[in-house]
Every structure is written in structure tokens, then in C-alpha cells.
Engineer: 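Just dropping this structure here.
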Amino acid sequence: MYEQVAERLRSRIFAHELPPGGWIDEQALASEYGISRTPLREALKVLAAEGLVVLKPRRGCYVTELSEQDIDEVFPVMALLEGRVAEEAARRATSADFAHLAAIHEELERHAAANDADRFFEANQRFHAALQTIAGNRYLAQLIDDARKVIKLTRRDSLRLEGRLKQSLAEHRAILEALRLKDADLAGQRMRDHLLSGRAALARLATSN
């Protein structure tokens, strides 16, 4: 049960229904879910291990609020990991794999044209997950999944910055072209640039706020 509860809470955190820095009312959640506080606390321990919440002695549980230093540290790591995925995917991708990526990219094109950041975000996640599957490196997959959970605390907001959707789409086009050419070095570099561009967008968003 605690795994199901953890997934429900994870979704609410990513959607900012439980906002960064917010206190988690364990009693209210247990009542809402119709469970005792024991599985809820086990679920919160799972989320704490993932870096999504912080357990504070005698103060309770809070949704993680990333500092600028946290973001500066995680994005370059994610860029390295995802860059390696793109390199391996460029070497391994079949024509069927490329067709699948191209179909997801078409969704990105449509959502960007409609200025739909939420649907663009979800399609973007599927694009990166598909690349991860093509690369077929389970060690990379585990590391990326852990880092991505932390980045998802902020990434959706960056897409709402004026011009970021179009910029992200252009970066995806460039990555897809490198994959089509089976140029592993170019695919890796363009993916790293894409991730670091996301970090720069967050910095601009912070400045504008």
C-alpha cells in the first residue's frame, strides 16, 4: 500500500498540488486516503530517499524546495547522463526506433504550436524515456530516473517562460537530426546543450520573478 501512496503523493508534488516548501499534513492525507498513518509515513520515507520531501525531527515533513545551488549542481550531472544516453541511442537506434521518436516529436510540435506547456512537458518526458529505452543501459536509466525526479520539481515552470517552448522544440529538432545522422558525438553534445539550456531558462525565470 505504501508504494501506491508514494506514487499518488509523487504525482501531486510534480503537479505542485503539494507546493515546494509546503508542510505535509499527515493526518489530513491519511484521512483523505482512508488509511492509517503507518503506510503514509512509509511512503514519505520513500519520497525522502528520492529527495522529494524532507523529514524534519519534531517539525514534520515538507516538500523539497530546491535552492539555486541545488539546481546548479543537478543540471550539469543530468546533462552528462542524458548526453551519454543520446550517444548510445544514436549508435543503437533502428528505423523503427527513429519512427517512434519522430512520432513523439510531432506531438511536441503540435503542443508547442498550441502553447500547451503541460502537454509539451508530458511528451517531452516520453521522448527522453524513449531515448533511454533505446540506449538500453540500465545503470544510466537508474541514475537518470533518480535525478529526473528532482528536476521535475522545477522543470515544468521553465516551459512557461516566454519563448522557452519554441527554444526547447528547436533543441529537440537538432537532437533528432543528430540521431537520424547516427552521429553519436553530435547527439550527445546537443543533448547536453539542451539540458543546460533548461537550467538557463530557470535562471531567467527566477530573475523575472
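Heavy atoms only: backbone and side chains are in, while hydrogens, waters and symmetry mates are out. A quick note: this is a predicted structure, and the numbers were derived from the prediction, not measured.
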Engineer: Could you name each residue pair satisfying salt bridge (Lys or Arg N to Asp or Glu O under 4.0 Å) that touches residues 7-23, not counting sequence neighbours?
Structural biologist: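 Qualifying pairs: E7-R10, R10-E50, R12-E17, R12-E32.
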
Engineer: Measuring from atom CE of M78 to atom CZ of R148, what distance do you get when rounded to the nearest 0.5 angstrom?
Structural biologist: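 CZ of R148 is found 4.5 Å from CE of M78.
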
Engineer: Once you round to the nearest 0.5 Å, how far does CG of L108 lie from CG of D116?
Structural biologist: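 Reported to 0.5 Å precision, the distance equals 11.5 Å.
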
Engineer: Considering all heavy atoms of both residues, which atom of K149 and which atom of F14 are nearest to each other, and what is their separation?
Structural biologist: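 Answer, listing the atom of K149 first, then F14: O-CE2, 3.3 Å.
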
Engineer: If every non-hydrogen atom of R37 is compared with every non-hydrogen atom of A30, which pair is closest and at what distance?
Structural biologist: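 Answer, listing the atom of R37 first, then A30: CG-CB, 3.9 Å.
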
Engineer: Mind checking what makes side chain to side chain contact (heavy atoms under 4.5 Å, CB included) contact with Q4, not counting sequence neighbours?
Structural biologist: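 Residues passing side chain to side chain contact (heavy atoms under 4.5 Å, CB included) with Q4: none at all.
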
Engineer: Write down the atom of L55, the atom of C61, and the distance for their closest heavy-atom approach.
Structural biologist: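 For L55 versus C61, the nearest heavy atoms are CD2-SG, 3.5 Å.
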
Engineer: Can you tell me how far CG of L52 sits from CD1 of I13, rounded to the nearest 0.5 angstrom?
Structural biologist: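 Going from CD1 on I13 over to CG on L52, the span is 5.5 Å.
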
Engineer: Excluding sequence neighbours, so at least two apart, what forms salt bridge (Lys or Arg N to Asp or Glu O under 4.0 Å) with K166?
Structural biologist: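 Applying salt bridge (Lys or Arg N to Asp or Glu O under 4.0 Å) to K166 gives none.
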
Engineer: In this structure, would F127 and L196 fall into the same cluster of hydrophobic residues linked by side-chain contacts under 4.5 Å?
Structural biologist: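 Per the 4.5 Å side-chain linkage, F127 and L196 are not co-clustered.
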
Engineer: Looking at CD1 of I175 and CZ of R173, how far apart are the two atoms once the value is rounded to the nearest 0.5 Å?
Structural biologist: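 Those atoms lie 12.5 Å apart.
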
Engineer: Is there side-chain contact between H111 and F121, with at least one heavy-atom pair below 4.5 Å?
Structural biologist: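 Side-chain contact under 4.5 Å: no.
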
Engineer: For the hydrophobic clusters of this structure (ILVMFWY residues joined by side-chain heavy atoms under 4.5 Å, transitively), does one cluster hold both L66 and I151?
Structural biologist: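 Yes, one cluster joins them.
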
Engineer: Less than 4.0 Å between a side-chain N and a carboxylate O, is that true for E88 and R91?
Structural biologist: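 Here R91 does not pair with E88 in a salt bridge, since their nearest N and O are not under 4.0 Å apart.
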
Engineer: What pair of heavy atoms forms the shortest contact from R164 to S197, and how long is it?
Structural biologist: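 For R164 versus S197, the nearest heavy atoms are NH1-OG, 2.9 Å.
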
Engineer: Determine, using the 4.5 Å side-chain heavy-atom cutoff (strictly less than), whether L181 and F98 are members of one ILVMFWY cluster.
Structural biologist: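 Result: no, two separate clusters.
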
Engineer: Can you tell me if Q189 and D185 form a side-chain donor-acceptor pair at under 3.5 Å?
Structural biologist: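 No, no side-chain donor-acceptor pair sits under 3.5 Å.
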
Engineer: Does either side chain, that of N124 or that of H172, offer a donor lying less than 3.5 Å from an acceptor on the other one?
Structural biologist: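 Checked: N124/H172 side chains pair up, N/O donor to acceptor below 3.5 Å.
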
Engineer: Say whether, by atom type as modelled, one donor and one acceptor occur between the side chain of R190 and the main chain of A174 under 3.5 angstrom.
Structural biologist: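 Flag set: sc R190 to bb A174 pair under 3.5 Å.
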
Engineer: Would L18 and V53 count as a side chain to side chain contact (heavy atoms under 4.5 Å, CB included) if you check the C-alpha gap in whole Å, the side-chain angles of each, and the deciding distance to 0.1 Å?
Structural biologist: CA-CA 10 Å; L18 297 173; V53 301; over 6 Å; no

Engineer: The criterion is side chain to side chain contact (heavy atoms under 4.5 Å, CB included); which residues satisfy it with L143, sequence neighbours excluded?
Structural biologist: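 Side chain to side chain contact (heavy atoms under 4.5 Å, CB included) check on L143 returns L81.
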
Engineer: Under the side chain to side chain contact (heavy atoms under 4.5 Å, CB included) rule, collect the residues that match up with A187, sequence neighbours excluded.
Structural biologist: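 Counting only residues at least two positions away or on another chain, A187 forms a side chain to side chain contact (heavy atoms under 4.5 Å, CB included) with A86, A90, A178, L179.
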
Engineer: Heavy atoms, side chains only, cut-off 4.5 Å: are L29 and L9 in contact?
Structural biologist: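 When only atoms from C-beta onward are counted, L9 and L29 do touch, with a gap below 4.5 Å.
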
Engineer: Could you list the residues that satisfy side-chain hydrogen bond (donor to acceptor under 3.5 Å, both in side chains) with R110, not counting sequence neighbours?
Structural biologist: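 If we apply the side-chain hydrogen bond (donor to acceptor under 3.5 Å, both in side chains) test to R110, skipping adjacent residues, there are no hits.
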
Engineer: State, with a plain yes or no, whether a side-chain heavy atom of N137 is found less than 4.5 Å away from one of R84.
Structural biologist: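 When only atoms from C-beta onward are counted, R84 and N137 do not touch, as no gap falls below 4.5 Å.
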
Engineer: Residues in side chain to side chain contact (heavy atoms under 4.5 Å, CB included) with R126, at least two apart?
Structural biologist: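 Result, side chain to side chain contact (heavy atoms under 4.5 Å, CB included) vs R126: I104, E107, E122, A123.
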
Engineer: Say you draw a straight line from CG of L195 to CZ of F75; how long is it, rounded to the nearest 0.5 Å?
Structural biologist: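 CZ of F75 is found 7.0 Å from CG of L195.
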
Engineer: Suppose the criterion is side chain to side chain donor-acceptor pair (under 3.5 Å): which pairs have a residue in residues 55-67, not counting sequence neighbours?
Structural biologist: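 Checked against side chain to side chain donor-acceptor pair (under 3.5 Å) - neighbours excluded - the pairs reaching residues 55-67 are S67-D70.
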
Engineer: Is the shortest side-chain heavy-atom distance between V85 and M191 below 4.5 Å?
Structural biologist: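 Side-chain contact under 4.5 Å: no.
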
Engineer: Side chains of S168 and F120, heavy atoms from C-beta outward: is any pair under 4.5 Å?
Structural biologist: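 When only atoms from C-beta onward are counted, F120 and S168 do touch, with a gap below 4.5 Å.
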
Engineer: Show the nearest heavy-atom pair for residues A102 and L176, with the distance to one decimal.
Structural biologist: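 In terms of heavy atoms, the two residues are closest at CA-CD2, 4.3 Å.
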
Engineer: Under the rule for side-chain hydrogen bond (donor to acceptor under 3.5 Å, both in side chains), what residues qualify as partners of Q69, not counting sequence neighbours?
Structural biologist: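 Result, side-chain hydrogen bond (donor to acceptor under 3.5 Å, both in side chains) vs Q69: E73.
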
Engineer: Evaluate whether atom OH of Y2 has more than 12 neighbouring non-hydrogen atoms of other residues, nucleotides or ligands under 6.0 angstrom away.
Structural biologist: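 Not more than 12 within 6.0 Å, no.
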
Engineer: Testing the basics here: between L101 and A130, what is the closest heavy-atom pair and its distance to 0.1 Å?
Structural biologist: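 In this case the closest contact between L101 and A130 is CD2-CB, 3.8 Å.
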
Engineer: Using the rule that two of Ile, Leu, Val, Met, Phe, Trp, Tyr join whenever any of their side-chain heavy atoms come within less than 4.5 Å, decide whether Y33 and W23 are in one cluster.
Structural biologist: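 No, it is not one cluster - the side chains of Y33 and W23 are not joined through contacts under 4.5 Å.
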
Engineer: Test of understanding: clusters of I, L, V, M, F, W, Y form through side-chain heavy atoms closer than 4.5 Å, transitively. Do L80 and V74 belong to the same one?
Structural biologist: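 Per the 4.5 Å side-chain linkage, L80 and V74 are not co-clustered.
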
Engineer: Would you please name every residue forming a salt bridge (Lys or Arg N to Asp or Glu O under 4.0 Å) with R192, sequence neighbours left out?
Structural biologist: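 Once residues adjacent in sequence are excluded, the partners of R192 under the salt bridge (Lys or Arg N to Asp or Glu O under 4.0 Å) criterion are E87.
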
Engineer: For D145, check side-chain hydrogen bond (donor to acceptor under 3.5 Å, both in side chains) against everything at least two apart and list the hits.
Structural biologist: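 D145 satisfies side-chain hydrogen bond (donor to acceptor under 3.5 Å, both in side chains) with Q132 only.
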
Engineer: Measure the CZ-CD1 distance between R199 and I71 for me, rounded to the nearest 0.5 Å.
Structural biologist: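 Reported value, rounded in 0.5 Å steps: 5.0 Å.
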
Engineer: Distance-only check: which donor-acceptor pairs under 3.5 Å involve side-chain atoms of residues 40-47, not counting sequence neighbours?
Structural biologist:
{"unit_1": "R41", "atom_1": "NE", "unit_2": "E26", "atom_2": "OE1", "d": "3.1"}
{"unit_1": "E42", "atom_1": "OE2", "unit_2": "K45", "atom_2": "NZ", "d": "3.4"}

